[in-house]
Student: 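Before I ask anything, here is the structure I am working with.
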Amino acid sequence: MSLGPVMVDLEGTVLSGPEESLLRHPMVGGVILFTRNFESIPQLRVLVASIHALRHPRLLVAVDHEGGRVQRFREGFTCLPPARSIGDLYASDPGHARSSARLLGWLMAAELRAVGIDFSFTPVLDLGHGLGDVIGDRAYHRGPEVVADLAHHTMVGMRDAGMAAVGKHFPGHGSVKEDSHIAMPVDRRPLADVMGSDVLPFERMIHYGLAGMMPAHVIYPSADPRPAGFSPFWLQGVLRGQLGFQGAIFSDDLSMEAAHVAGDLPARARKALEAGCDMVLVCNHPQGARETVESLEGYESPASLVRLARMHAHGGDGEVTGPEGARWREAVALAASLKDSPGYELNV
């Protein structure tokens, strides 16, 4: 059985019977985990192993684990600083900022790989203009060249640990105030302005070998009246055509408010796939997830299967994750030295 085009979530810390049935559906290809799925490291390891055991090739298991406000697992994991804390280092010591990005990227990936998770939806490539809280300190910097530089080193660190990176939110969520989880953000700038600034980090990361991409639920009316995640202009014309991206494209969560413009969940999934996504995310809506996978029965995309298969984690550099590992100790000390964001979690 090959990987299907839908990534779903789970309700608790163990798989239920209905969830096992859903995950065996041929249109399912992955699972995204949230804080509600985490109780302890041993429990998480068992949960991920049980997901992987259901299918061959195994389902992809992903998480949003950026650091700062967006870190799903806390107890037993290192508290990672927000990306902005690394960007703040850049002005005084670019070299230290780059090495920090690589070390923290490795730490994040190594700790997730130790429990069997395939990848995190990281790094954020949006520019930090400070216009809205939804991005805020999740962005490295407001300068596109700095964002690209630090994201590159984060990706290299992740790769050291055997994990692929997923850049988000193409072509850039940093220049709008609205939160696409609860509103419909519209970026009214001329297309040339978006391409000349916000797109640059994505272009650089594609050149560096980025494996995955997540488009924004943002409308850029100068280019297309549809949100980028439902736009053939952005996904096929710009991302695949102009920028030459060959990796996997993951939709943002189709249950978000900004995705409602595309219809009900099955319609959103179909439109996102037709626009160019390889896999769509349906979160926090079990019935909608079931309806979506059933509506896609028989859907096939051989090219997507190849791209998604590359997202499976692989062997890292052999470093030990734990107190006995010198690199781990260095990384944990670095994380502790960087100022963290306020102690609340952003549900994205």
Side-chain angles (χ1 to χ4, degrees), residues 1-38 47 50-51 54-55 59-64 70 72 121 134 166 168-169 173 178-185 212 214-219 226-231 235 248-301 304 308 311 345-348:
M1 183 183 294
S2 58
L3 294 176
V6 183
M7 178 173 280
V8 300
D9 61 349
L10 305 174
E11 293 186 357
T13 56
V14 297
L15 283 176
S16 67
E19 286 173 339
E20 287 191 8
S21 175
L22 176 63
L23 297 189
R24 289 192 175 98
H25 195 286
M27 291 297 101
V28 173
V31 176
I32 181 169
L33 299 178
F34 290 89
T35 300
R36 64 177 179 268
N37 307 125
F38 175 67
L47 175 61
S50 66
I51 295 169
L54 289 174
R55 300 262 295 268
L59 294 168
L60 295 168
V61 180
V63 66
D64 283 309
V70 185
R72 299 300 184 221
F121 287 107
V134 69
V166 179
K168 58 188 186 185
H169 307 83
H173 202 307
E178 297 83 3
D179 180 349
S180 53
H181 294 82
I182 57 175
M184 183 67 258
M214 176 177 283
H217 286 325
V218 176
I219 294 175
R226 293 163 289 194
F230 301 103
S231 168
L235 301 187
I249 301 176
F250 298 86
S251 82
D252 208 340
D253 179 12
L254 296 183
S255 68
M256 291 163 56
E257 180 63 31
H260 287 202
V261 297
D264 61 14
L265 280 167
R268 294 173 216 170
R270 180 71 64 175
K271 290 176 182 178
L273 294 169
E274 290 173 350
C277 289
D278 297 296
M279 179 169 279
V280 297
L281 277 65
V282 181
C283 307
N284 304 307
H285 202 312
Q287 181 59 32
R290 171 65 67 178
E291 292 171 357
T292 299
V293 299
E294 290 175 353
S295 74
L296 292 172
E297 192 80 51
Y299 175 87
E300 292 184 358
S301 175
S304 292
L308 293 170
M311 297 303 300
E345 183 176 341
L346 189 66
N347 187 27
V348 299

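By convention here, the first residue in the shown sequence is residue 1.
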Student: Any donor and acceptor pair, going by atom type alone, linking the side chain of R226 with main-chain N or O of S231 inside 3.5 Å?
Tutor: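 Not confirmed, R226 side chain does not pair with S231 backbone.
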Student: Report the C-alpha separation of V280 and R270 in whole Å, then their side-chain angles, then the decisive distance to 0.1 Å, and conclude whether the side chain to side chain contact (heavy atoms under 4.5 Å, CB included) test is met.
Tutor: CA-CA 9 Å; V280 297; R270 180 71 64 175; over 6 Å; no
Student: Does anything in residues 272-282 form a side chain to side chain donor-acceptor pair (under 3.5 Å)? List the pairs, not counting sequence neighbours.
Tutor: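 Qualifying pairs, neighbours excluded: R240-D278, D278-S304, D278-R307.
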Student: Give the intermediate values and the outcome of salt bridge (Lys or Arg N to Asp or Glu O under 4.0 Å) for residues D64 and K168.
Tutor: CA-CA 11 Å; D64 283 309; K168 58 188 186 185; 3.0 Å; yes
Student: Using atom types as modelled and distance alone, determine if a side-chain donor or acceptor of R55 lies under 3.5 Å from a backbone N or O of S2.
Tutor: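 A pair under 3.5 Å: yes.
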Student: Who passes side-chain hydrogen bond (donor to acceptor under 3.5 Å, both in side chains) against R24, sequence neighbours left out?
Tutor: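 In terms of side-chain hydrogen bond (donor to acceptor under 3.5 Å, both in side chains), with neighbours along the sequence ignored, R24 is linked to no residue.
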Student: Let me see the working for L235 and C277 under side chain to side chain contact (heavy atoms under 4.5 Å, CB included), right down to the final yes or no.
Tutor: CA-CA 7 Å; L235 301 187; C277 289; 3.8 Å; yes
Student: Checking S16 now: which residues fulfil side-chain hydrogen bond (donor to acceptor under 3.5 Å, both in side chains) with it, not counting sequence neighbours?
Tutor: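 Testing S16 for side-chain hydrogen bond (donor to acceptor under 3.5 Å, both in side chains), a comparison that skips the adjacent residues, returns E19.
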Student: Atom CG of L60 and atom CD1 of I51: how far apart are they, to the nearest 0.5 Å?
Tutor: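 Here the interatomic distance stands at 11.0 Å.
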Student: Would you check if I219 and F230 make a side-chain contact, meaning some heavy-atom pair closer than 4.5 Å?
Tutor: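 Of all side-chain heavy-atom pairs linking F230 with I219, none is under 4.5 Å.
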Student: Should the pair F250 and F121 be assigned to parallel (<30°), tilted (30 to 60°) or perpendicular (>60°) ring geometry?
Tutor: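 Perpendicular: the ring planes of F250 and F121 meet at over 60°.
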Student: Do L3 and V28 have side-chain heavy atoms sitting under 4.5 Å apart?
Tutor: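 No. Closest side-chain heavy atoms not under 4.5 Å.
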Student: Using the side-chain hydrogen bond (donor to acceptor under 3.5 Å, both in side chains) criterion, which residues pair with N37? Sequence neighbours excluded.
Tutor: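 Checked N37 against side-chain hydrogen bond (donor to acceptor under 3.5 Å, both in side chains); zero matches.
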Student: How would you list, by chain and number, every residue that makes a side-chain hydrogen bond (donor to acceptor under 3.5 Å, both in side chains) with Q287, sequence neighbours excluded?
Tutor: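 So Q287 forms a side-chain hydrogen bond (donor to acceptor under 3.5 Å, both in side chains) with E291.
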Student: Which residues satisfy the side chain to side chain contact (heavy atoms under 4.5 Å, CB included) test with T292, sequence neighbours excluded?
Tutor: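 Only V6, L265, P266, A269, V282, L296 meet the side chain to side chain contact (heavy atoms under 4.5 Å, CB included) criterion with T292.
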Student: Tell me the salt bridge (charged side-chain N to carboxylate O under 4.0 Å, His left out) pairs involving residues 25-38, sequence neighbours left out?
Tutor: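 Of all non-adjacent pairs touching residues 25-38, those that pass salt bridge (charged side-chain N to carboxylate O under 4.0 Å, His left out) are D9-R36.
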Student: In sequence, state the C-alpha distance, the side-chain angles, and the governing distance for C283 and V8, and then conclude on side chain to side chain contact (heavy atoms under 4.5 Å, CB included).
Tutor: CA-CA 6 Å; C283 307; V8 300; over 6 Å; no
Student: Taking only residues two or more places apart in sequence or in another chain, which ones pass side chain to side chain contact (heavy atoms under 4.5 Å, CB included) with T13?
Tutor: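 Checked T13 against side chain to side chain contact (heavy atoms under 4.5 Å, CB included); matches are E39, Q43.
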Student: Between M27 and P5, is any pair of side-chain heavy atoms under 4.5 Å apart?
Tutor: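 Yes, their side chains come closer than 4.5 Å.
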Student: Should I32 and L10 count as side-chain neighbours, where that means a heavy-atom distance under 4.5 Å?
Tutor: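 They are not in contact (no side-chain heavy atoms under 4.5 Å apart), so the answer is no.
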Student: Determine whether more than 12 heavy atoms belonging to other residues, nucleotides or ligands lie under 6.0 Å from atom CD of E300.
Tutor: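 Check fails, neighbour count at 12 or below.
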Student: With sequence neighbours excluded, tell me which residues meet side chain to side chain contact (heavy atoms under 4.5 Å, CB included) with A216.
Tutor: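 Per chain and number, A216 pairs via side chain to side chain contact (heavy atoms under 4.5 Å, CB included) with H169, H173, V218, Y220.
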Student: Would L59 and L23 satisfy side chain to side chain contact (heavy atoms under 4.5 Å, CB included), going step by step from the backbone distance to the final call?
Tutor: CA-CA 8 Å; L59 294 168; L23 297 189; 3.8 Å; yes
Student: Measure the shortest side-chain to side-chain distance between M214 and S251 over non-hydrogen atoms and say whether it is less than 4.5 angstrom.
Tutor: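 Heavy-atom side-chain distance check fails, nothing below 4.5 Å.
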Student: Side chain to side chain contact (heavy atoms under 4.5 Å, CB included) with E294: which residues, sequence neighbours excluded?
Tutor: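 Residues passing side chain to side chain contact (heavy atoms under 4.5 Å, CB included) with E294: H25, R290.
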